[in-house]
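Encoded as structure tokens, the structure appears first; notes follow it.
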Amino acid sequence: APAPPPPRHHFSDPAEVETLRGNLLAWYDRCKRDLPWRALAATEPDPDRRGYAVWVSEIMLQQTQVATVIDYYNRWMQKWPTLQALAQASLEEVNELWAGLGYYSRGKRLQEAARKVVSELAGHMPRTAEDLQKLLPGVGRYTAGAIASISYGQATGVVDGNVIRVLCRLRCIGADSSSPAVIDQLWDMANALVDRSRPGDFNQALMELGATVCVPKAPLCGECPVKQHCQARHRVSVGPESTVTLVFAGVGDCPLCPPATEPWDSNLGVTNFPRKAAKKQPRAMRTATCVLERRGSHGALEYLIVQRPCSGLLAGLWEFPSLPLAEDLQEKKEREVLADHLQAWIGQPVAAKGLQRIGEVTHIFSHIHQTYVVYSLPLDGDMTLAPASSPSRWVTEEEFHASAVSTAMKKVLE
Ligand code: SF4
């Protein structure tokens, strides 16, 4: 059989682009998920509130599943239905609502940006992707494109993880999909493809396709509304394997084809795309943490929690007094440094041998593999101890769960 032509990495045929848009939008109209931010963006007459609603949803959706976000989103919009309401909230309130959603700096940045819109932009959201990205802290190219297209109808594309996967498959892009050269190409492609009359729906349709049909491991190609445009699928069905291998081994010096050193794997089919360079391993950290408990005035157990600094990892969240540990610290030394640290919080000497070592809890943050070495220290029942440092406070178990604490600290308490 003659070798198939090399993959076309671009959409150069206007008729094909028109058909693809039409097929994708028709599928979206039929199959889209009913999500609260979509309903709000479609019906809200106030453009600033429309932009705000999409913005909140997009920030929450970064790194977090749709199913998890829905409840947080509804509670957020109920509590702060407008930019003005959010601008008046305290960081503490924001962190409390965000608790459990992870990547806490997102909530903080959202609130800071809302304050900026209210104080510097007279409460009006910028209306173009360029201005959104330029004027709002924490709003990157993707979020700006999403808000501008969905809320304001700007014909601008978006590129997120789902779009990367779909476009790399549609056009057989097998070079490292996190490299700047490939990302630039994908943005150009997204901007060229976006439907001019329904840009917001088109962008959401492309992302929806990646989330529900063109999924990472077992894409449902048979049900895919754009399968006729998909070069990866075409290559799978074009066989024989030796020919496919030849084509996908990289065509000349093409910067978008898979590198010759990592040829097409016939077991993977369309999931040969996209390809990513190996991820950096998360950094390992050990932290000693101590659950100090006392009997409160009403007989209930209470725990001491302290607030983290207002910048850096888990900024402003509450935790049990904790101390990062140097590598290879012996347990005896570990107890001593923790006892000193606790003394600074409660203003009384703490005997290292009184600390009970309970066990270890691991938690993966985006780039840190954190191990908490958990200690407990019950204090005398009738002790009325005021923390020596602030911000810190004694809380019951119920209050603990209602506070702005990270998921990792909930695991520690468990
Ligand atoms: Fe993805 Fe398959 Fe559709 Fe191609 S045909 S875009 S691989 S779901």
Side-chain angles (χ1 to χ4, degrees), residues 4-33 65-66 142 146 157-178 182-183 185-195 198-199 201-241 243-245 247-251 254 256-259 262-276:
R8 286 185 296 118
H9 293 308
H10 304 281
F11 289 94
S12 45
D13 175 1
E16 184 191 14
V17 171
E18 267 319 300
T19 319
L20 184 148
R21 287 175 179 155
N23 290 347
L24 188 61
L25 283 168
W27 168 81
Y28 182 68
D29 291 339
R30 263 192 339 271
C31 303
K32 68 170 180 266
R33 290 170 293 179
Q65 301 282 331
V66 168
Y142 162 76
V158 295
V159 173
D160 73 343
N162 285 319
V163 173
I164 290 174
R165 186 166 55 256
V166 174
L167 292 182
C168 284
R169 289 176 180 171
L170 283 176
R171 280 303 176 255
C172 284
I173 296 176
D176 176 8
S177 67
S178 60
V182 171
I183 292 290
Q185 289 279 348
L186 295 173
W187 273 102
D188 288 349
M189 206 182 283
N191 282 327
L193 275 183
V194 66
D195 188 89
R198 296 178 60 191
D201 285 346
F202 181 88
N203 286 338
Q204 292 184 88
L206 206 53
M207 293 189 274
E208 186 95 340
L209 188 73
T212 61
V213 176
C214 194
V215 291
K217 289 219 173 91
L220 311 169
C221 297
E223 298 170 23
C224 176
V226 295
K227 57 177 179 267
Q228 72 191 89
H229 310 283
C230 181
Q231 299 229 345
R233 185 159 194 264
H234 177 63
R235 295 300 168 189
V236 172
S237 52
V238 95
E241 195 187 307
T243 316
V244 173
T245 306
V247 169
F248 283 92
V251 178
C254 174
L256 297 180
C257 272
E262 294 168 53
W264 169 265
D265 178 346
S266 55
N267 295 320
L268 294 179
V270 297
T271 63
N272 270 285
F273 307 101
R275 299 240 176 119
K276 258 200 198 154

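Note that the coordinates shown come from a computational prediction; the quantities given were computed from them, not determined experimentally. In listed order, ligands and their atoms are each counted from 1.
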- prompt: Within 45° of the six-membered ring axis of Phe273 and under 6.0 Å from that ring's centre, is NZ or CZ of Arg165 located there?
  reply: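 No, cation not above the ring by the 6.0 Å, 45° rule.
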
task: Considering only NZ, NE, NH1 and NH2 on the basic side and carboxylate oxygens on the acidic side, decide whether Arg171 and Glu16 come within less than 4.0 Å.
output: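 Yes, Arg171 and Glu16 are salt-bridged.
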
Salt-bridge criterion met for Arg21 and Asp201 (N-O under 4.0 Å):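 Between Asp201 and Arg21 there is no salt bridge, as every charged N stays at least 4.0 Å from the carboxylate O atoms.
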
Can you give me every donor-acceptor pair (side chain of residues 216-227, partner residue at least two apart or in another chain, under 3.5 Å) with its distance?
unit_1	atom_1	unit_2	atom_2	d
Lys227	NZ	Gly222	O	2.9

message: Could you check whether atom NZ of Lys276 has more than 12 heavy atoms from other residues, nucleotides or ligands sitting under 6.0 Å from it?
response: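 Atom NZ in Lys276 is not packed in, count stays at 12 or less.
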
- request: Would you mind reporting whether Ile173 and Leu167 have side-chain heavy atoms less than 4.5 Å apart?
  value: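 Side chain of Leu167 against side chain of Ile173, heavy atoms only: no contact under 4.5 Å found.
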
query: Under 2.8 Å from atom 2 (Fe) of ligand 1, which protein N/O/S atoms are there?
result: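 Within the sphere that stays under 2.8 Å of atom 2 (Fe) of ligand 1, the protein atoms of type N, O or S are Cys221 SG.
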
